[in-house]
Protein chains: 2
Amino acid sequence: MDRQNSSSNTRTKILEAASRLFYEQGYHLTGINQVIAEADVAKASFYYHFCSKEDLCVAYLEQRHQDWFGWLREEVERSREPLERLLGLFTFLERWLANSDFRGCAFLNIIADFPSSYHRIRQLVVSHKDALQAYIAQLVDHLGCSDSDNNLSHLVNTIYLLFEGTICQCQMYRTTEFIQDTRETVRKLIS
Amino acid sequence: MDRQNSSSNTRTKILEAASRLFYEQGYHLTGINQVIAEADVAKASFYYHFCSKEDLCVAYLEQRHQDWFGWLREEVERSREPLERLLGLFTFLERWLANSDFRGCAFLNIIADFPSSYHRIRQLVVSHKDALQAYIAQLVDHLGCSDSDNNLSHLVNTIYLLFEGTICQCQMYRTTEFIQDTRETVRKLIS
DNA sequence: AAAATTGTAGACAAACCTGTCTGTACGAAA
DNA sequence: TTTCGTACAGACAGGTTTGTCTACAATTTT
């Protein structure tokens with residue numbers, strides 16, 4: 001119909017294929033040729049929309065950031081009760097892990113794939129995690145706890161670490177059973 | 001002098017170069033050619049000692065497991081006081097991070113580099129983390145706490161998650177300041 | 001001294017990588 | 001009708017990858 005639409009269809013097809021492959025196989029094991037084959041797109045079309053593989057990686061991370069936060073918010077904000085919302089972080093993990101393609105945090109995985117010197121990629125990952133910590137801080141704020149200030153930021157950091165640790169643990173052991181325990185720990189930390 | 005020695009010298013040089021490169025650059029960004037160049041060894045010598053790159057990776061992980069646990073034990077067992085020992089886990093992290101080449105957990109990084117289907121590598125990582133959890137459990141045991149049984153395994157898991165989460169956090173933010181906070185959290189969890 | 005073991009040097013093969021290029025097609029807009 | 005934007009197919013270049021191969025050297029064992 002309109003070229004606007006058809007143009008972004010091709011770009012979208014590429015980005016979707018790349019997202020799946022980068023996440024499931026890692027960046028370096030995924031070649032451009034595989035991406036365009038799975039996206040069913042010509043190589044020239046790929047280089048029309050993206051100027052390099054690294055550029056594609058940046059686009060992948062930016063979109064992944066949007067998508068993932070959308071999923072997280074959807075699960076957390078299912079309830080209106082502040083404590084339930086906070087614990088919803090871990091309910092989200094349970095659901096996420098249930099996905100057959102779960103392979104841990106896309107951002108931590110990408111960081112592992114590159115040496116420390118890829119600042120452009122690193123920066124995206126740091127931004128993502130900053131946003132996650134800010135979101136947790138917001139959830140903790142809404143609890144309306146009357147702890148001393150310092151303790152609150154303590155609490156945020158502890159919950160963040162538990163969250164991150166759980167993702168890593170799930171990536172290796174592929175089981176959700178201990179998440180219930182973690183939820184208990186968080187409940188205890190608050191009271 | 002003896003062939004035992006000279007044979008293992010070549011192998012050791014290769015393994016040392018590979019360890020450094022795999023850890024700092026990741027597996028796929030490190031080529032065999034770079035490994036043998038930095039080890040100052042001929043390619044045929046490499047394939048005399050290792051039958052493939054993946055084989056080298058396995059050797060790398062096995063040695064890394066030994067080395068890393070050695071470092072951890074050395075720091076933790078510096079004190080004879082059970083609580084100090086447990087908290088020593090996080091003192092170890094502070095020292096480890098101070099190394100200029102710190103780039104997070106070698107085992108988690110390797111897992112990120114491979115798709116889930118590399119079972120041989122995955123198994124090594126799982127074994128490593130099993131050993132870490134067992135070690136933490138042992139440290140918690142020696143505290144002689146009289147919590148109910150269930151709570152103790154809870155506690156072990158929580159400390160493990162905090163440990164893992166802290167490693168990831170350090171890999172991104174490259175600062176040790178919040179480790180002190182984590183130590184406080186652990187202290188609070190125990191009492 | 002002869003033979004076997006252990007290791008070295010580096011050319012080579014075959015496959016793969018990213019990225020470029022040429023040339024074509026087709027709809028929409030000017 | 002011409003021009004522009006988007007997309008196609010696929011050959012190609014230049015470089016890298018892992019892994020093999022042959023020939024040679026040093027040392028140890030027989």
Side-chain angles (χ1 to χ4, degrees), chain A residues 1-61 110 112-115 117-118 120-121, chain B residues 1-61 110 112-115 117-118 120-121:
Chain A
M1 183 90 27
D2 52 336
R3 75 152 186 274
Q4 193 78 12
N5 208 343
S6 80
S7 116
S8 71
N9 273 345
T10 299
R11 195 178 189 277
T12 301
K13 273 196 322 189
I14 295 170
L15 204 44
E16 276 172 359
S19 292
R20 194 177 63 249
L21 293 170
F22 284 167
Y23 183 67
E24 289 175 9
Q25 307 183 336
Y27 177 80
H28 288 108
L29 225 54
T30 303
I32 288 295
N33 292 327
Q34 194 186 6
V35 172
I36 63 172
E38 301 225 359
D40 197 29
V41 143
K43 185 174 272 197
S45 305
F46 169 77
Y47 280 101
Y48 177 79
H49 287 286
F50 301 92
C51 64
S52 70
K53 188 186 177 188
E54 194 178 323
D55 195 52
L56 175 63
C57 184
V58 169
Y60 154 62
L61 291 179
I110 281 286
D113 255 0
F114 290 95
S117 50
Y118 280 64
R120 189 155 163 236
I121 305 277
Chain B
M1 181 100 16
D2 52 336
R3 75 151 186 274
Q4 195 79 12
N5 207 344
S6 81
S7 115
S8 72
N9 272 345
T10 298
R11 195 178 190 277
T12 300
K13 275 197 320 191
I14 295 171
L15 204 45
E16 276 172 358
S19 291
R20 194 177 63 251
L21 293 170
F22 283 167
Y23 183 67
E24 288 176 9
Q25 307 182 338
Y27 178 81
H28 288 109
L29 225 54
T30 303
I32 288 295
N33 291 328
Q34 194 185 6
V35 171
I36 63 171
E38 301 225 359
D40 197 28
V41 144
K43 185 174 272 195
S45 305
F46 169 77
Y47 280 101
Y48 178 78
H49 287 287
F50 301 92
C51 64
S52 69
K53 189 186 177 187
E54 194 178 322
D55 195 51
L56 175 63
C57 184
V58 169
Y60 155 61
L61 291 179
I110 280 286
D113 255 0
F114 289 95
S117 50
Y118 281 64
R120 190 155 162 236
I121 305 277

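Given the structure is predicted, the values throughout are model-derived calculations rather than measurements. Letters A, B, ... are given to chains in the order of the sequence lines, protein chains preceding strands, and every chain is numbered from 1.
For the pair B:L29 CG and C:dT18 P, the computed distance is 12 Å after rounding to whole Å. Here D:dT17 presents its C1' atom at 15 Å from CG of B:L56, a figure rounded to the nearest Å. One interatomic measurement links the two molecules: CZ of A:R11 to P of D:dG5, which rounds to 18 Å at whole-angstrom precision. Here the P atom of nucleotide D:dT18 and the OH atom of B:Y27 are 8 Å apart, to the nearest Å. Atom NE2 in A:H28 sits roughly 13 Å away from atom C1' in D:dT17 (whole-Å rounding). The NZ atom of B:K53 sits 18 Å away from the C1' atom of D:dT20 (whole-angstrom rounding). The CD-P distance, from A:E54 to C:dT18, rounds to 13 Å in whole Å. Separating the CZ atom of B:F46 from the C1' atom of D:dG19 is a distance of 10 Å, rounded to the nearest angstrom.
When the side-chain nitrogen and oxygen atoms of A:S52 are compared with OP1 and OP2 of C:dT18, none of them lie within a distance under 4.0 Å. Side-chain N/O atoms of A:Y48 include none lying less than 4.0 angstrom from OP1 or OP2 on D:dA7. Between A:H49 and D:dA7 there is a side-chain N or O to OP1 or OP2 distance below 4.0 Å.
For residues 30-38 of chain A, proximity to DNA chain C is found at A:T30, A:G31, A:I32, A:N33, defined as any non-hydrogen atom under 4.0 angstrom from a strand atom. Near DNA chain C, defined here as any heavy-atom distance below 4.0 Å, there are no residues from residues 14-26 of chain B.
The ring pair (Phe, Tyr, Trp, His ring centres under 6.0 Å) search around A:Y27 returns A:F22, A:F114, not counting sequence neighbours. With sequence neighbours excluded, no residue forms a side chain to side chain donor-acceptor pair (under 3.5 Å) with B:S45. With sequence neighbours excluded, no residue forms a side-chain contact (heavy atoms from CB on, under 4.5 Å) with B:Y48. Not counting sequence neighbours, B:Y47 has no partner by the ring pair (Phe, Tyr, Trp, His ring centres under 6.0 Å) test.
Among A:V41, A:L15, A:L21, the one residue that satisfies the side-chain contact (heavy atoms from CB on, under 4.5 Å) test with A:V35 is A:L21.
Minimum interatomic distance between B:A39 and B:K13 (heavy atoms only, all atoms of both residues): O-CE, 3.4 Å. Closest approach of A:Q25 and A:T30 over heavy atoms only: OE1-OG1, 3.0 Å. Of all the heavy atoms in B:S52 and B:F46, the pair that sits closest is O-CZ, 4.1 Å.
Separating the CD1 atom in B:I14 from the CD atom in B:E16 is a distance of 11.0 Å, to the nearest 0.5 Å. Atom NE2 of B:H49 sits about 4.5 Å away from atom OG1 of B:T10, to the nearest 0.5 Å. Taken from CD1 in A:I32 to CZ in A:F50, the straight-line distance is 9.5 Å, to the nearest 0.5 Å.
Pairs of residues two or more places apart, or lying in two chains, that qualify as salt bridge (Lys or Arg N to Asp or Glu O under 4.0 Å) and include a residue from residues 27-40 of chain A are A:R20-A:E38. Here salt bridge (Lys or Arg N to Asp or Glu O under 4.0 Å) pairs that include residues 42-58 of chain B, with residues two or more places apart or in two chains, are B:D55-B:R120.
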Write down the protein N/O and nucleotide N/O pairs, taken from nucleotides 9-12 of chain C, whose separation is under 3.5 Å; answer none if there are no such pairs.
none

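Defining each end axis of the helix from C:dA1-D:dT30 to C:dA30-D:dT1 as the rotation carrying four pairs' C1' atoms onto the next four, with five pairs an end, the two axes are found to diverge by 10° to 10 degrees.
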